Structure formats: structure tokens, C-alpha cells
Amino acid sequence: MASNSLPASAIVQDRLPDLLIGIGHTTNNALHSITFTGTLRPWANFPRDVEAIYLNFVWNRRVVDHRQRSGRVAEWNIQFEQTAVGNETGVQGHWGQHVNQVMSSVFLSQNIDLEMGDFRATTSRYKKVPDMAGASRATGALRLVGELKTPWVDNHCLSDAMHDESDFRHILGGSGLVLPMITGLDNFNIRL
């Protein structure tokens, strides 16, 4: 089978593979007692704005992956999710494999000084430990943080909470939120 060389511009268009939720899995709510207190407003042109940024970016054509080009891809191929998850640690592993690894390669191929990983790999002295972080590859300076939760637990569902501003702010503060680091966590309207 012939392989297909994929540059970063192709990789960033891929969707994340679905979680393979194990037969045994947590049903517990893991939200922290944190509330987002900043301004909420719709981003009316989000899909169009993302597309414009993608189309206007000057992509380096470096190859970051190879995939089978033709023929039937067997179900045991590693392009399909094979690892079952049952709790937040499993979700973090899935994120590390499919987001941190991939996007760190994309950033490196594009000469962008950002690598994804766990929070302790940064030089930040922040006392709490967010589930994921992005940092300068050169200095370890923190650029973004995020919390990951088990999406199959009803209390973690952003779309279900959108009709109740209080619930929505609680979920934004306690899970799934990726925060860009400008000067520190105190600037992100998060109340503990």
C-alpha cells in the first residue's frame, strides 16, 4: 500500500478520534469549585474566522505524518482509537496522544515556539496543577492551560448547560477550558 505524506496544513484539518469508552467507566462529577466570572458573548463568525486564519497562514510544507493512501484500512490500524478510557486519567492520555503529540509536531514544523504537554513540564510556579499546558519550547514559559473532564458525565456537558448561565459559568471554570497565558492565571476571571 502506498503511503501519503501529510504536511501540518492537512493534519490540523483532522478531527479527533472518538473516545473508546470502556465497559466500566466513571459516572462521577469531577467539576472543581471554580466559576468563570468574565464576560460571555457569542462569537458570531467563529467558523469563518477560523477558516480565514487557516487560509491566510503561510504553511511550511514539512511532512509531519504518513498515512495509507489507498485500499481498505483494517480496523486494527493505529489510525483508529484502540485504547479504552474509563476516567479522567484516560481522557488525559487520549488528549496527550491525539492533541499534545500532534500539535507539538505541527508547531515545530511551522517554527512556532509552542509545545503541548503536562503542566509540570513548564517553568510556572503556579501552585495548582491544570490537566494540560502549552509552553515555550525554548524557555518552558507557560502560554496556556486547560482542564479535561470525562465528556460522558452529564454534569460536564457544555451544550446542556448553555441554557443556564450559572451552570455554564461553573463548567467553563471547572473543566474543558483552555486559557491563554498573558501575565498569569489571575487575569482570566476565574473565581475559586
Side-chain angles (χ1 to χ4, degrees), residues 3-20 36 38 43 45-69 73 77-83 85 88-151 156 158 172-190:
S3 74
N4 189 17
S5 300
L6 298 173
S9 59
I11 294 295
V12 298
Q13 294 183 58
D14 284 351
R15 65 184 290 278
L16 288 174
D18 292 333
L19 287 172
L20 178 59
F36 177 75
W43 188 343
N45 300 317
F46 180 76
R48 190 170 49 226
D49 290 348
V50 170
E51 183 179 22
I53 290 169
Y54 173 83
L55 293 173
N56 290 315
F57 188 81
V58 179
W59 291 97
N60 184 311
R61 297 285 304 159
R62 293 178 181 142
V63 173
V64 295
D65 196 11
H66 291 87
R67 298 227 180 100
Q68 183 174 316
R69 184 183 316 189
V73 178
N77 189 288
I78 63 170
Q79 78 182 48
F80 300 115
E81 187 61 32
Q82 304 295 341
T83 304
V85 299
E88 187 174 312
T89 302
V91 172
Q92 291 169 351
H94 179 86
W95 182 272
Q97 177 181 354
H98 296 292
V99 177
N100 293 353
Q101 176 69 16
V102 172
M103 291 309 299
S104 291
S105 294
V106 166
F107 296 141
L108 183 60
S109 77
Q110 301 304 303
N111 300 315
I112 296 171
D113 182 29
L114 182 63
E115 66 183 353
M116 307 296 290
D118 64 80
F119 180 75
R120 290 290 183 217
T122 73
T123 58
S124 175
R125 289 192 167 88
Y126 183 62
K127 300 291 184 230
K128 298 187 188 252
V129 182
D131 293 332
M132 56 80 56
S136 163
R137 188 177 288 271
T139 67
L142 194 59
R143 299 275 174 83
L144 59 95
V145 297
E147 279 292 309
L148 304 169
K149 298 294 175 217
T150 52
H156 300 164
L158 276 171
L172 283 179
S175 71
L177 181 61
V178 176
L179 301 170
M181 300 307 297
I182 299 170
T183 57
L185 290 174
D186 295 336
N187 294 325
F188 294 104
N189 299 310
I190 303 294

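The structure displayed is predicted, hence computed values, not measured ones.
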Any idea which heavy atoms bring Gln110 and Ala8 closest together, and the distance? NE2-CB, 3.5 Å
Under 3.5 Å donor-acceptor, Thr123 side chain and Gly140 backbone: yes
Other residues, nucleotides and ligands only: do more than 12 of their heavy atoms fall within 6.0 Å of CD on Gln101? no
Test side chain to side chain contact (heavy atoms under 4.5 Å, CB included) on Leu144 and Met116; report intermediate values, then the result. CA-CA 9 Å; Leu144 59 95; Met116 307 296 290; 3.9 Å; yes
Heavy-atom pair with the smallest gap, counting every atom of Val129 and Arg120: CG2-NH2, 2.9 Å
Taking all non-hydrogen atoms of both residues into account, name the closest pair between Glu88 and Leu148 and its distance. CD-O, 3.1 Å
Over all heavy atoms of both residues, which pair between Pro151 and Val91 is shortest? Give the atoms and the distance, please. CD-CG2, 4.2 Å
Under 3.5 Å: donor-acceptor pair, side chain of Asp65, backbone of Leu6: no
Close side-chain approach of Phe80 to Leu20, heavy-atom, < 4.5 Å: no
Are the side chains of Pro130 and Glu147 in touch, meaning some heavy atoms are under 4.5 Å apart? yes
Answer yes or no: is there a donor N or O on one side and an acceptor on the other, between the side chain of Asp113 and the main chain of Arg137, under 3.5 Å? yes
N/O donor-acceptor pair under 3.5 Å between His98 side chain and Leu16 backbone: no
Quick one: CZ on Arg62 to CG on Leu108, what's the gap to the nearest 0.5 Å? 7.5 Å
The reported gap from CG in Asn77 to CZ in Arg67 (rounded to nearest 0.5 angstrom) is 9.5 Å
d(Glu115 CD, Ser105 OG) to nearest 0.5 Å is 10.5 Å
Geometric class of the Phe46/Trp43 ring pair [parallel <30°, tilted 30-60°, perpendicular >60°]: perpendicular
Atom pair NE2 (His94) and OG1 (Thr83), whose distance is rounded to the nearest 0.5 Å: 9.5 Å
Could you label the plane-to-plane angle of the Tyr54 and Trp59 rings as parallel, tilted or perpendicular, counting under 30° as parallel and over 60° as perpendicular? tilted
With sequence neighbours left out, which residue pairs that include part of residues 46-55 fulfil the salt bridge (charged side-chain N to carboxylate O under 4.0 Å, His left out) condition? none
Interatomic distance, CZ@Phe119 vs NZ@Lys128, rounded to 0.5 Å, equals 11.5 Å
Which atom of Ser5 lies closest to which atom of Val63, heavy atoms considered: CB-CG2, 3.8 Å
Atom pair CG (Leu142) and OG1 (Thr139), whose distance is rounded to the nearest 0.5 Å: 10.0 Å
Exercise: identify the closest heavy-atom pair between Thr122 and Ala133: CG2-CB, 4.0 Å
Residue list, side chain to side chain donor-acceptor pair (under 3.5 Å) with Asp18, at least two apart or on another chain: Arg15
